[in-house]
Amino acid sequence: MDKTGIIVDIYDAAINIDIGKKGFAASGKEQEGRISYEDGLTKALCCFKKVQDSEDPYTIMLAEYTFISQELEICNELDKTTLRSLIKAVHSFNDAFLALKVVENAALYQGADKTHPHTKKHRIHGYPKDSFHIACISHKIRLKNTLRSPGIDHVEKALLKQRVANLSTAQKEYIEKQKKALGI
């Protein structure tokens, strides 16, 4: 899979979605806005499906990170709630990328495993609920909350559901990395 091409496509899709939303609000630009919006959603959905098919946690997280970074770039500065949410998501994903590096090194990860409590609330299927899992869990909650918002059309809902599914796939594959790192 060409990661660079997927990332560029996700970036373009996010731009088209934004241009489309702004077109809806501009008198006389509704039709162009609708076309740009739907093209962006369709392109993003296609990209996120390809990314899920890769079953690579890094690629999945990179795609999601690219999308939320672009959302942050184009977010209206007056929308403080969304800005805070996106900034928190970006920071959370930065931590998740660090966890992905550590899990690739069995010796490091075995040490990290000892630093996580062994109680159920700090574990997922017996493995540490580290920053990778925390990023996925919190971002899935954010996406699911957005899904509950009124006025979302069926294509945007499909995209949000795909992104949630991608994060679940990333977690499943990350657990496999955890198993390998811990020698299980």
Side-chain angles (χ1 to χ4, degrees), residues 1-14 44-75 81-148 159-184:
M1 169 183 287
D2 175 25
K3 290 179 188 170
T4 304
I6 290 287
I7 299 310
V8 169
D9 287 346
I10 288 172
Y11 175 85
D12 289 343
L45 183 57
C46 180
C47 289
F48 279 111
K49 285 180 179 180
K50 284 181 193 173
V51 166
Q52 184 184 25
D53 291 343
S54 77
E55 295 185 345
D56 175 34
Y58 179 78
T59 303
I60 292 169
M61 296 301 274
L62 184 60
E64 191 62 39
Y65 181 84
T66 300
F67 198 82
I68 62 174
S69 295
Q70 188 55 34
E71 284 182 312
L72 181 59
E73 252 332 282
I74 57 183
C75 186
T81 303
T82 302
L83 280 173
R84 276 193 302 273
S85 177
L86 290 169
I87 289 168
K88 185 177 178 182
V90 166
H91 290 303
S92 180
F93 274 70
N94 287 336
D95 292 340
F97 286 122
L98 294 174
L100 266 168
K101 275 187 180 178
V102 172
V103 80
E104 295 293 334
N105 182 325
L108 273 178
Y109 200 75
Q110 287 173 3
D113 178 47
K114 294 175 184 169
T115 68
H116 286 75
H118 286 76
T119 58
K120 189 175 180 174
K121 83 175 198 175
H122 293 96
R123 298 276 160 163
I124 293 181
H125 303 294
Y127 300 98
K129 188 189 291 184
D130 58 21
S131 56
F132 186 90
H133 290 293
I134 292 167
C136 288
I137 291 165
S138 62
H139 198 57
K140 281 194 282 189
I141 291 169
R142 180 180 173 276
L143 294 171
K144 287 177 181 178
N145 285 342
T146 304
L147 265 169
R148 286 195 280 278
L159 175 59
L160 290 165
K161 288 176 183 177
Q162 181 63 53
R163 291 170 65 195
V164 169
N166 284 12
L167 292 168
S168 295
T169 298
Q171 278 188 279
K172 182 182 85 143
E173 296 303 321
Y174 184 76
I175 287 172
E176 292 303 315
K177 289 183 176 294
Q178 288 179 300
K179 285 180 187 177
K180 184 178 176 186
L182 296 172
I184 299 174

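Positions are given from 1, in the same order as the sequence printed here. Quick caveat: nothing in here was measured; it's all calculated off a predicted structure.
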Quiz item: Should Q178 and I175 count as side-chain neighbours, where that means a heavy-atom distance under 4.5 Å?
Solution: yes
Quiz item: Taking C-beta and beyond as the side chain, do I124 and I137 meet within less than 4.5 Å on heavy atoms?
Solution: yes
Self-check item: Distance flag, aromatic centroids of H139 and F93, threshold under 6.0 Å
Solution: yes
Quiz item: Can you tell if the side chain of E55 reaches within under 4.5 Å of the side chain of E173, non-hydrogen atoms only?
Solution: yes
Exercise. Tell me, with the steps shown, if K3 and S54 meet side-chain contact (heavy atoms from CB on, under 4.5 Å).
Key: CA-CA 10 Å; K3 290 179 188 170; S54 77; over 6 Å; no
Exercise. Have a look at E176 and tell me which of K179, K180, K172 forms a salt bridge (charged side-chain N to carboxylate O under 4.0 Å, His left out) with it.
Key: K179
Self-check item: Residue pair A106 / A181: nearest heavy atoms and the distance that separates them
Solution: CB-O, 3.5 Å
Quiz item: With a 4.0 Å cut-off, would you call D9 and K50 a salt bridge?
Solution: no
Self-check item: All salt bridge (Lys or Arg N to Asp or Glu O under 4.0 Å) counterparts of K101, not counting sequence neighbours
Solution: none
Quiz prompt | Side-chain heavy-atom pair S138, K88 within 4.5 angstrom cut-off | solution = no
Quiz item: Do Y174 and D130 have side-chain atoms, one donor and one acceptor, less than 3.5 Å apart?
Solution: yes
Practice problem: Return the minimal non-hydrogen interatomic distance between A99 and S131, and the atom names on each side. | Solution: CB-OG, 3.4 Å
Practice problem: Verify whether one side chain among H118 and R123 offers a donor that lies under 3.5 Å from an acceptor in the other. | Solution: yes
Quiz item: Among side-chain atoms of R163 and N166, is any donor-acceptor pair under 3.5 angstrom?
Solution: no
Quiz prompt | Residues R148, N145; criterion side-chain contact (heavy atoms from CB on, under 4.5 Å); working and verdict | solution = CA-CA 5 Å; R148 286 195 280 278; N145 285 342; 2.5 Å; yes
Self-check item: I74 versus A14, closest heavy-atom pair with distance
Solution: CD1-O, 3.9 Å
Quiz item: Do F67 and Y11 come close enough that some side-chain heavy atom pair is under 4.5 Å?
Solution: no
Self-check item: Reported CG-to-CD distance for the pair L160 and Q162, which is rounded to 0.5 angstrom
Solution: 11.0 Å
Exercise. Indicate whether any N or O donor in one side chain lies under 3.5 Å from an N or O acceptor in the other, for Q171 and H125.
Key: no
Quiz item: Counting only heavy atoms not in K140, do more than 12 fall under 6.0 Å of its NZ?
Solution: yes
Exercise. Assess the pair F97 and Y58: is the distance between their ring centroids shorter than 6.0 Å?
Key: yes
Quiz item: Do L143 and L167 have side-chain heavy atoms sitting under 4.5 Å apart?
Solution: yes
Quiz prompt | Rounded distance [0.5 Å steps], CD in Q52 versus OG1 in T59 | solution = 12.5 Å
Quiz item: Side chains of L86 and C75: closer than 4.5 Å at any heavy-atom pair?
Solution: yes
Quiz prompt | Shortest non-hydrogen contact between C47 and I6, atoms and distance | solution = SG-O, 4.3 Å
Quiz item: So, the side chain of S69 versus the backbone of Y65: is there a donor-acceptor pair under 3.5 Å, distance only?
Solution: yes
Practice problem: Check whether any side-chain heavy atom of N94 lies under 4.5 Å from a side-chain heavy atom of V90, and answer yes or no. | Solution: yes
Quiz item: Between K177 and L100, is there a donor-acceptor pair closer than 3.5 Å when you use the side chain of the first and the backbone of the second?
Solution: no
Quiz prompt | Spatial distance of atom CD (Q110) from atom OG1 (T115) [nearest 0.5 Å] | solution = 12.5 Å
Practice problem: Run the numbers on D113 and Y127 for side-chain contact (heavy atoms from CB on, under 4.5 Å), then give the verdict. | Solution: CA-CA 8 Å; D113 178 47; Y127 300 98; over 6 Å; no
